[in-house]
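Please read the structure below before turning to the comments.
As a basis for the values below, the full set of heavy atoms in this structure was taken, side chains included, without hydrogen atoms, waters or symmetry mates.
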Amino acid sequence: MKDYLSEMRSFAAVIEQGSFTKAANSTGTSKGLISQHVKRLEDALGAQLLFRSTRKLELTEIGATFLEYCQNITKNADAAFEAVETLRGEPVGTVRITVPVSFGEMFLQDIIVSFQQSHPRIQIEMELENTFRDLQSSHMDIAIRAGLSDDPEQVAIPLGQLSELICASPDYWQTHPKPQTPDDLAHHNCLVNFQYYKDRKWVFFSKDGPQSITANGNLRLNHYPLIRNATVQGLGVARLPRYVALPEIRAGRLETALDEYRSPLRPIYLVYPYQGNLPIKNRLMIDFIRNWFTDRPDLLETAPNGHPAP
């Protein structure tokens with residue numbers, strides 16, 4: 001029987017990526033070759049695997065059954081090569097990561113560059129998105145998440161806790177008195193991330209207990225780096241994640257206020273599907289990310305023992 005491993009890999013990639021073009025990009029081949037591979041499989045099986053239209057691809061019943069075998073076979077083939085490379089001390093393979101958009105923009109480029117300097121034969125695929133994805137069905141190896149799902153088949157490693165800072169530009173503070181209490185924000189143009197604060201409620205904690213205010217302003221966005229840029233330009237007061245604000249604070253482009261009032265803390269986790277034998281490429285990346293944040297405790301708040309602050 002002819003060896004159809006390449007064709008099976010291409011077919012699985014088409015389904016996982018959602019199109020022939022994306023499958024070609026992800027596998028480093030051409031769209032034409034991917035199409036040829038799927039056609040060869042259909043000819044060999046004597047059955048149609050996909051319904052193709054200009055808008056989407058759908059699996060036939062036979063295609064859905066065959067896809068599961070393709071995924072298992074290609075996964076086992078990759079694992080076999082990884083096992084041999086591990087014995088040789090040369091880990092290879094692809095690690096697929098999904099992270100929140102602003103988090104990935106701030107950190108993951110530096111992390112990936114540093115990681116691949118040590119492990120150049122490991123390939124990284126990273127998706128930036130703010131929705132929780134099912135890691136197993138989407139074939140993702142690792143996720144970084146603010147909060148956890150209730151999936152018992154996932155392992156979660158705490159990286160730290162996300163806090164937020166009230167910030168504005170020095171020019172803004174020169175023409176608008178710094179607030180002394182959260183209530184004073186009523187006199188300021190507040191720049192709000194509507195994805196996390198749909199009701200525009202900002203909660204603060206102090207020695208007097210929790211306090212909530214409504215953040216009013218003329219600009220609402222769902223992307224923290226854009227809110228940071230608008231704040232640097234002097235458009236108003238923002239509540240920014242610590243990791244987003246710190247570089248601008250250190251450069252003198254932002255100044256904080258209400259430092260004695262603390263924001264709620266959100267735990268950040270590195271998550272991966274439970275596996276009896278975790279591939280070494282995944283383990284190397286997991287350990288690298290965890291150690292990277294441990295070495296930078298100013299970015300995410302942690303307790304002295306390295307665990308998230310209570």
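- Linking Ile, Leu, Val, Met, Phe, Trp and Tyr whenever their side-chain heavy atoms come within less than 4.5 Å puts Tyr197 and Leu226 in one cluster.
- Within the structure, the salt bridge (Lys or Arg N to Asp or Glu O under 4.0 Å) test picks out the following pairs touching residues 224-242 (sequence neighbours left out): Glu164-Arg239.
- Linking Ile, Leu, Val, Met, Phe, Trp and Tyr whenever their side-chain heavy atoms come within less than 4.5 Å puts Leu45 and Ile34 in one cluster.
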Begin from the C-alpha positions of Trp292 and Asp110 and carry the test side chain to side chain contact (heavy atoms under 4.5 Å, CB included) through to its verdict. CA-CA 10 Å; Trp292 195 89; Asp110 290 342; 4.2 Å; yes
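- You'll find the ring centres of His119 and Phe288 outside the 6.0 Å limit.
- Between Leu41 and Met8, the closest side-chain pair of non-hydrogen atoms falls below 4.5 Å.
- A pairwise comparison of heavy atoms in Tyr4 and Ala44 identifies OH-CB, 3.4 Å as the closest pair.
- Grouping the Ile, Leu, Val, Met, Phe, Trp and Tyr side chains by contacts below 4.5 angstrom, directly or via other members, places Leu128 with Leu221.
- The shortest side-chain heavy-atom distance between Arg96 and Ile124 does not fall under the 4.5 Å cut-off.
- Distance alone, capped at 3.5 Å, places no donor-acceptor pair between the Gln233 side chain and the Leu235 backbone.
- The closest side-chain heavy-atom distance from Leu284 to Ile122 is below 4.5 Å.
- Here Ser10 contributes atom OG and Phe20 contributes atom CZ; the two are 9.5 Å apart, rounded to the nearest 0.5 Å.
- Formation of a donor-acceptor pair under 3.5 Å by the Asn189 side chain with backbone atoms of Val237 is not found in this model.
- Scanning for salt bridge (Lys or Arg N to Asp or Glu O under 4.0 Å) contacts around Arg296 gives an empty result, with sequence neighbours left out.
- Defined by atom type and a distance below 3.5 Å, a donor-acceptor pair is present between the side-chain atoms of Gln71 and His139.
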Stepwise side chain to side chain contact (heavy atoms under 4.5 Å, CB included) test for Lys281 and Asp141: CA-CA 10 Å; Lys281 60 184 176 63; Asp141 298 306; 4.1 Å; yes
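- Grouping Ile, Leu, Val, Met, Phe, Trp and Tyr residues whose side-chain heavy atoms lie under 4.5 Å apart, directly or via other members, leaves Leu33 alone, with no other cluster members.
- Looking at Ser114, its side chain never comes within 3.5 Å of a backbone N or O of Ile111 through a donor-acceptor pair.
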For Phe293 and Phe103, what are the C-alpha separation, side-chain angles and deciding distance, and is it a ring-ring contact (aromatic ring centres under 6.0 Å, His included)? CA-CA 12 Å; Phe293 283 102; Phe103 203 89; 5.6 Å; yes
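- The backbone N or O of Thr181 sits less than 3.5 Å from a side-chain atom of Asp184, completing a donor-acceptor pair.
- Side-chain contact of Thr256 with Asp259: a donor-acceptor pair under 3.5 Å is present, judged by distance alone.
- Within 6.0 Å of the CD atom in Glu61, the count of heavy atoms belonging to other residues, nucleotides or ligands does not exceed 12.
- The closest side-chain heavy-atom distance from Leu59 to Leu49 is not below 4.5 Å.
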Step by step, would you call Tyr243 with Ser102 a side chain to side chain donor-acceptor pair (under 3.5 Å)? CA-CA 10 Å; Tyr243 66 81; Ser102 63; 3.1 Å; yes
Side chain to side chain contact (heavy atoms under 4.5 Å, CB included) assessment of Glu105 paired with His223: CA-CA 11 Å; Glu105 289 181 351; His223 190 54; 3.2 Å; yes
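- Rounding to the nearest 0.5 Å gives a distance of 7.5 Å between OG1 of Thr214 and CG of Asp199.
- Summarising the local packing, NZ of Lys22 is surrounded by 12 or fewer heavy atoms from other residues, nucleotides or ligands at distances under 6.0 Å.
- Transitive grouping of hydrophobic side chains (ILVMFWY, heavy atoms separated by less than 4.5 Å) keeps Phe205 and Ile166 in distinct clusters.
- Between the CZ atom of Arg200 and the CG atom of Asn193 there is a distance of 13.5 Å, given to the nearest 0.5 Å.
- A single hydrophobic cluster is seen to contain both Tyr274 and Ile286, as judged by linkage of ILVMFWY side chains at heavy-atom distances under 4.5 Å, directly or through other members.
- Using a 4.5 Å cut-off on side-chain heavy atoms (C-beta onward), Val14 and Ser19 make no contact.
- A donor-acceptor pair is defined here as one N or O able to donate and one able to accept, closer than 3.5 Å; such a pair exists between the side chain of Thr60 and the backbone of Gln48.
- No donor-acceptor distance shorter than 3.5 angstrom exists from the side chain of Glu127 to the backbone of Thr98, with no hydrogens or angles considered.
- Looking at His187, its side chain never comes within 3.5 Å of a backbone N or O of His176 through a donor-acceptor pair.
- Although no hydrogens or angles enter the test, the distance criterion places a donor-acceptor pair under 3.5 Å between the side chain of Ser169 and the main chain of Tyr172.
- For the pair Leu254 and Leu240, the minimum side-chain heavy-atom distance is below 4.5 Å.
- Atom-to-atom distance recorded for Asn222:CG and Asn130:CG is 7.5 Å, nearest 0.5 angstrom.
- Met285 is listed as a side-chain neighbour of Ile142, based on a closest heavy-atom distance under 4.5 Å.
- A distance-only check finds no donor-acceptor pair linking the side chain of Lys178 to the backbone of Leu258 [under 3.5 Å].
- Panel note: side chain Asn282, backbone Leu278; no donor-acceptor pair is recorded below 3.5 Å.
- The CG atom of Leu162 sits 8.0 Å away from atom CG of Leu265, with the distance rounded to the nearest 0.5 Å.
- The existence of a salt bridge linking Arg40 and Asp43 is excluded, since no basic side-chain nitrogen approaches an acidic carboxylate oxygen closer than 4.0 Å.
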Test side chain to side chain contact (heavy atoms under 4.5 Å, CB included) on Ile268 and Ile144 and set out the steps. CA-CA 7 Å; Ile268 303 295; Ile144 294 178; 3.8 Å; yes
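- The aromatic rings of Tyr261 and Phe204 lie perpendicular to each other, with more than 60° between the two planes, well past the 30° mark.
- Within a 6.0 Å radius of CZ in Arg266, more than 12 heavy atoms belonging to other residues, nucleotides or ligands are found.
- Remark: Tyr196 OH is packed, more than 12 non-hydrogen atoms of other residues, nucleotides or ligands lying under 6.0 Å away.
- Considering OG of Ser6 and NE2 of His37, their distance stands at 5.5 Å, rounded to 0.5 Å.
- Looking at heavy atoms from C-beta onward, Phe11 lies in side-chain contact with Leu67 at the 4.5 angstrom threshold.
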